[in-house]
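Each chain gets a letter, A, B and so on, in the order its sequence line appears, and its residues count up from 1.
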2 protein chains.
Amino acid sequence: MASRMVEVDPWEVAVTTLDPARIRFVESLMSLGNGHMGARGSFEEGYGGDSHLGTYIAGVWFPDRTRVGWWKNGYPEYFGKVVNAVDIGAIRIRAGGEPVDLFTVPCADFRFALDLRRGCLTRTFRCEAGGLALRVRFDRFLSIVTPELSFQRVEIEVEDGEGVLEITPLLDADVHNLDANYAETFWEPEPGVERRPGMLAMTTRPNPFGTPRFTVTAATRTRAEGLEPGDAWDDALSTGRTFAATVAPGDRVALDKAVAVVSSRDHEPRTHPAVASALLDAASSRPHGAHRADQAAAWAARWEQADVVIEGDPPAQQGIRFNVFQLLSTYYGEDERLNIGPKGFTGEKYGGATYWDTEAFLVPMYMSIAEPDVALALLRYRHRQLPQARHNARQQGLPGALYPMVTFDGVECHNEWEITFEEIHRNGAIAHAIRYYTDYTGDRSYLEAEGVEVLVEIARFWAGRVHWSARADRYMIHGVTGPNEYENNINNNWYTNYLARWVLRYTDEVLAGLPGRAAELGVDDAERERWRDVVARMYLPHDDALGVNVQHDGFLDKALAPVSALGDDDRPLNQRWSWDRILRSPYIKQADVLQGMYTFSEDFTTEEIRRNFAFYEPMTVHESSLSASIHSVLAAAIGMPEKAVELYSRTARLDLDDYNNDTEDGLHITSMSGAWLAIVQGFGGMRGLGERLRFAPFCPEGWRGYSFMIRYRGRLLRVAVGASSTAFTLVEGEPLEIEVGDGLVTVAADAPATVANRA
Amino acid sequence: MASRMVEVDPWEVAVTTLDPARIRFVESLMSLGNGHMGARGSFEEGYGGDSHLGTYIAGVWFPDRTRVGWWKNGYPEYFGKVVNAVDIGAIRIRAGGEPVDLFTVPCADFRFALDLRRGCLTRTFRCEAGGLALRVRFDRFLSIVTPELSFQRVEIEVEDGEGVLEITPLLDADVHNLDANYAETFWEPEPGVERRPGMLAMTTRPNPFGTPRFTVTAATRTRAEGLEPGDAWDDALSTGRTFAATVAPGDRVALDKAVAVVSSRDHEPRTHPAVASALLDAASSRPHGAHRADQAAAWAARWEQADVVIEGDPPAQQGIRFNVFQLLSTYYGEDERLNIGPKGFTGEKYGGATYWDTEAFLVPMYMSIAEPDVALALLRYRHRQLPQARHNARQQGLPGALYPMVTFDGVECHNEWEITFEEIHRNGAIAHAIRYYTDYTGDRSYLEAEGVEVLVEIARFWAGRVHWSARADRYMIHGVTGPNEYENNINNNWYTNYLARWVLRYTDEVLAGLPGRAAELGVDDAERERWRDVVARMYLPHDDALGVNVQHDGFLDKALAPVSALGDDDRPLNQRWSWDRILRSPYIKQADVLQGMYTFSEDFTTEEIRRNFAFYEPMTVHESSLSASIHSVLAAAIGMPEKAVELYSRTARLDLDDYNNDTEDGLHITSMSGAWLAIVQGFGGMRGLGERLRFAPFCPEGWRGYSFMIRYRGRLLRVAVGASSTAFTLVEGEPLEIEVGDGLVTVAADAPATVANRA
C-alpha cells in the first residue's frame, strides 16, 4: 500500500498534499458521477504536470478497431470504448497575466475534499501568481436531481497585490482517449446542430462496423460576481468567455458555471440547442446554493436506505461509505440501456461498459440498498441484448445465447481467445441474477415475462457447449477459463460445470411452472429431456480423499504449495512472473470453487465449505479486486472471524489507500460492492435466496458495532449489530418474519427484535 | 487446389497465362535466391495491377514494435521482420512514349519460365505500345558464384512500327513492408556512405531496442547495345539512367544490367562504394552469357549430389525438383549467422527468420544432399545464439536455455503466450539435430566442442521446467502446446515429455563420454543425478486398452471422431471454426504423437507405430504444410504404401499447384523438404541414426522407378529404386557397408549392389 494520503473521516474524503506524482490518483478518488455523466476530479484551472482529464457520458461509446498480434477465428472486429468527451469543468484563472497552475505557481493550504453525504466536491488553496496572492475555492457537483446538469462555483479572495484577475469558464472538446488502439480521435464537430454561443455539439466519428454514432451537445451559462465580461469565442472545438476585474487586497470575486449536457441517446440532435437552453434557463432561475441544497437532499434520501455505520473503526467506516457513494454515483437504475463499467466514470481502462461483475457482485447489493427497480433495470439490460447474445453464440458455432465478457451493445468486444471464447461461466452468472432477483423480491413477473426467455437461451448454450465423453460416461465441458483467470483453457472447471448444470435444471423447473411458455419459446420435450440428461450425467470433479471439489481436471497434479511458500519477490505474481509460470502454478487469482460454493451456499454443509476453504484459500493470492470479499463472506460463515476481518480490510479501502498502486487509472467501481458484501453477508450473515430473509450476525473484534439498511419486499429494515446482540428495526413497511441463526423472528414497526449474536 | 497454371516439365517451371488476379502467385513461384539475397519474380518493367514487389537481403532485419491486444508478462518488445529492401530488378521500358505495362498494353505469347537446372529466369512476350510492336525477352539470375551480384539482360526486337524506344534500368529504394505493424517504413538514406552515380546506400531506421542497424548499398552497371545513353538521375531513393533509340521494324536492342549488393553485415559502410565498384568491375570484364554459364555450372555441381529422379510421374518429378531448387536457393550454408525463414526470400509472412522447422525438417535433408558443412552451419547458428537462448529462459523464470519460436538474433520475437511460452518442444528438436548430425556424420567434433554446451543448457531448461506431481508420483510438464497447434496449454503432451526425457538422458550420456567436460560446464553430480531422476520418473501418458501413447492428459476425454465425420463446410477448420471449437475438438493439425514416433522411430516396433497411426491419422486434418510428409514416411514404414503416396502428393506440389490458396504470400520454404523426406525416408526407407545407414526401399505403384543421391560420411551414393529391386552405386568415396531391409550390403566404386525391394 502506498502511504495513506487521505484523511480519515466518516463522511469526507480529503487530501491536503499536492504531490505532482500522484495527481492522477487524486483525480480518480475525487471523481464525480450521476448516472448520466461523470468526470475525474481534475483541476478546473488546468494543471501543467502529469494528469488525466476525463469526462464521460453514459452510454456514449466508440467501436475502436481491434488490435491483435495474431488473429483468431471468431474475434470481434471492434472494441467498444468509453469515450473521453468534452471537458465541461474548465475554469481558467489568470492573475496579473500569469496562469494559475498549481504545477508551477507557489501554493499553500491546499485541500481537496469529497463530501460523501452531500455529493459535492470542494477544493481550496492559497497561491501567488502575477503579483497577486489569492485564496481560491472551487465547488462542483453533478446533479442527481437533473442529471443533465453540472454546477460549479469558484470564489476568489485577494489577499495581497493589485492587478488584473481573469476568470475564463469554457468548454473544451479537443480531447482524446488514453487507450485508443491506433491513437485516433473519436470525435468530430457536428454541423447538423445549430450553433449558439457557449454551446458545442460533437459527434463520434463514422465507423465501419455499423454501430450507432452519438451526438453530445454541451452548453454553458455563467454568472459572475465582481467581474466584467470580456472576450468570448466560439471555435470548432471550444467555446468560452473571459471575465475580468482589476483587484486589490480584500476584494472578492466569484463565478457560477452551469453546464447542460444532452446526447442523441435521449434527444434528437436538432433539438439539442432548445433542450439545453431550457435546462439552463430553469437552472439559472435559482442560485448555486439552492441547487447544492437539492443535491444534498437527494443524497440524503439515497443514504437513508443505503448507509452502513461502523462504530469503533473510522477507516473502515470511511471505506464502506466511499464505496457505496461511488457505486450509487455510477448507476442508480434510471436507464435500462446502461450498465456499470469496471471504472465507471473514473477512467478508461478495460474499455467496455459491462462485465459479469454486474450480476455476480453488484445486483445482490443493489437489491438491498435501493428500490428493486434499480436491479430490475440491470436485468432488463441483458434481456434487451438477447439478440446480440445470440449473435455471440453463433460466432462460436453454438446454439442459444452467450452474454459477452465485455460489451457496450451486447456484442462481444474482448479479443483474447482464452477469455472471449472460454471464460463462459459469465453466462451462468447472468442466469443466477434472475433467480436471485425473483427469490429476493418474491416478484415473479420479470422471470415470467422476460427472464425465462433469457434463461432458455442460456440453457441452450450450455446444452450445446457440453460434450459427451464416452470414456468417462459423463458430459464434460472442455476448454474454459474459470473465475480464476490464472488458469486458462482448462477442462471441467468445477465452478463452470456446476453453474451450467444449475442453469439447465433451473430453467427446466421454471418452464415446468409456466404452462405454455415452453411451447411459446419453441422448447419441446426432446430439448428438455436433453437438458435433464445433461443435469443427470454432468461430470463434477471431486476428490474423495481430500473431500474437496476439484478446481479442474489437472489441478491436483500440480505442485501444490501455499502462498506462504512464496518469496517476497514473487508477488504480485502478475507483475513478477511470466504468464506461463502463473498458469501452471497452483496459485489462484480469485475465488473459483469457492465462488461456486458462495453462490450456491445453500447446497453445501458448513463442513464442506470449511474443507474447501481450508484447501483453496491458502493457495489464493487475491490478485483480483473481487476475491477478498467473497472469501471474507465464506470465512465468516465457517467461523473464522479473524480471517473474515483480515480479508474485509483488503477490500474496504482498496482505492482510498491505493493498495494495488493502480487507482490512478480509475476506481475499481465493480468491486466496490465487496466491502458491503463482507459486512452484510459476511459479518451479518444475510442470505437472500429462498422464501425468507436470513441473518446470522456477529460483531468483529475491534468494532463496537455496526448497522446497515436492507430493502426487502417493500420493507426497509435497519440491522444494528452490537457486541453481543443484534437489533432488527422495521423502518418502513409491513411486519416481516425473518430467520436469525436457527430461529424465526418477526419484526414490526412497533416491535423491533433483538437477538443474541452467534458465537 | 486452384487450377494448375504451371506447365509440367522435369526441369522447368513455366507459366504462359497472364492472369491479373494471380500475379502475386506467379511472383512467388518465380522467386530467385542465392543465400545472400533474393527477390520475388516481379516484372522488371513494372506492373500496374495487383502485385507484391519484394527484395530481401539475408540477415537484414528490423525490430518492429510488438502489436498485442492484451500484454502478458514476458512478452518480447519487438518482432524481427525480414525487410523489403531496394528493388534491384527494375528495368522500365517506354515505346513511343508509352510505358510498357502488361496490365495495360496488349500482350501475346507471354511465357515466364524458371530454369531449375541452371538457376535462371526467362520471360518473353510480344506487346504493342506507343505504335511499336515489340518482342521482349528478359533474363535474370542471382549469382550463386558471387552472391553479391545480380545479372539481368533484356532484349527487344521491333516487329512493327517506328518510334523511340527507351529502356531505363534503375534502383528504387522507395519500398515498404507489407506486414509492418504500424505502417512504418524501415529504411532511411545513409549519408555516411559516399554517394556515387548509380549507387544507393540505405540504413534501417533507428530502433529503441538496441538491435543492430543495417546499411545496404546497391550499385548498378549497365551496358547497352543499339541504344544511346540519355538522362541519368541520382535521388535520395532512386538512381537510374535512360537509354534510347529510334527504331524501325527488324531492329534489335539489348541491355545488360549487373547490380552489386553489399551490406554492413559483411563490410563496413564506408567501404561499400569501393567493394561494390570492385565487384562490378570484375563482373563487367566478362559478357552476360559467360556469367550465365558459370551459374549453370555451379547449379550442375549442386544437382550432382542433390537430384531426385522420378520416372513415370512428371508432376511428381517437377514437384521434388522445384522444392529442392528453392531450398538450395534459400540456404547453402555459406554464412552461419543465417538460417531458413518460413518464406525464405519469397515473401514477408511470419516475419522472423528462424523456426524449429529448421532442425525438425530441414537439417536431415541438408545432411544428405549437400556437404556436411551446410548442416553444420545451421547447428553453429544455434550455438552462436546460446546467450540469447539463456535470456529467453530467464524471461520465463527458468534455468538453462530456451531456443525461440521465432527469431532473427536468438531473442524470442513471437507474442502469443500459448506459443511463445508454451510451444517449448522446439527446444528438444534443436538438441535432436545435434544427435542426428553426430550419428549421421560419425564426426563427434561439433558435439564435443559446441554441441555439448547447447545440450547442457537445454537439459537444464527441461530439468527446471518439469514439476513433481505428488499425487501421480511422477515428473510432469504442464501448460504446453505440442506440435499439434490445434490444442493449446495442455498437460503432459506425450511428444514434449518424451523429447524432454530424451534430452536429459542423451546429455547425461554425452557428458559421460567426455571426461572433464561436465566440470568445465559447471554440471556437478547432483545436477546429473537430478536429470537421471527426471528420466526415471517422467510421466508419459499411455492408454493400455487402446495401446497408444496419449497426446495429452485430456485427449481421450474428448468427443473422439474421425475427420471423415466432418461436413464439407467444416474444412479447413482454421477458416471455418471459432478457435475454441478447434481447440476442444479431437482434430489434429499436424503429427504430434506421430511426430515423436517418427523422430524416435528406433524406439518403437512397427506394430506400435501402426497402432498409433491407425488411431491418430484419421483425426488429423493436415492443415500444417509440415504434416503430410511425416505421415507419409510413417505410412511407408508400416506397410501402407497407398496412404504414403496419397500423403506424398499433398506435399510435393503444395506451391506449384497452390493447394492452400496462399502461395501468393510466398513459398512454403521450410516445408519444402517434405517431398524429399517422403521419397527418401518413406519410399526409400532411409534412416540415418546409429552407426550404419539403412534403407528399406519400395517403388510406389504408378512410378516406374526413382533415384536419389545421398551424401554420407565422405561418400556420394546413388540409390536407384526400380519396380522390384534397388541399385546402390557408390559415386564417390570409400566402400560403405549399409543395411538394406534386414541384411548388410557393401557398396564400392567398382561394385554396385542390387537388392530386392521390400514387399
A:Asn488 and B:Trp417: side chain donor to acceptor below 3.5 Å: no

Best-contacting candidate, A:Ser469, A:Gly479, A:Ser578, against chain B by heavy atom pairs under 4.5 angstrom: A:Ser578

B:Arg581 side chain near A:Arg465 side chain, heavy-atom distance below 4.5 Å: no

Gap between atom CD1 of A:Ile490 and atom CG of B:Asn489 - 0.5 Å precision: 9.5 Å

B:Arg584/A:Glu422 salt bridge by N-O under 4.0 Å criterion: no

B:Gln396 versus A:Asp580, side-chain donor and acceptor atoms under 3.5 Å: yes

Engaged part of B:Arg474 at the chain A interface, taking heavy atoms whose separation is under 4.5 Å: neither

CA sep, side-chain torsions, deciding dist, call: B:Phe79, A:Trp70, ring pair (Phe, Tyr, Trp, His ring centres under 6.0 Å): CA-CA 12 Å; B:Phe79 196 105; A:Trp70 307 93; 5.6 Å; yes

Side-chain heavy atoms of A:Leu583 within contact of B:Glu418, under 4.5 Å: no

Interchain contact, B:Leu398 with chain A, by part (heavy-atom threshold 4.5 Å): side chain

Heavy-atom side-chain proximity of A:Val68 to B:Val68 below 4.5 angstrom: no

More than 12 heavy atoms of other groups within 6.0 Å of A:Glu184 CD: yes

Distance-minimising heavy-atom pair for A:Gly554 and B:Asn491: CA-ND2, 4.2 Å

Neighbour count above 12 (heavy atom, 6.0 Å) for B:His176 NE2: no

Heavy-atom contact with chain A under 4.5 Å, split by part of B:Asp473: neither

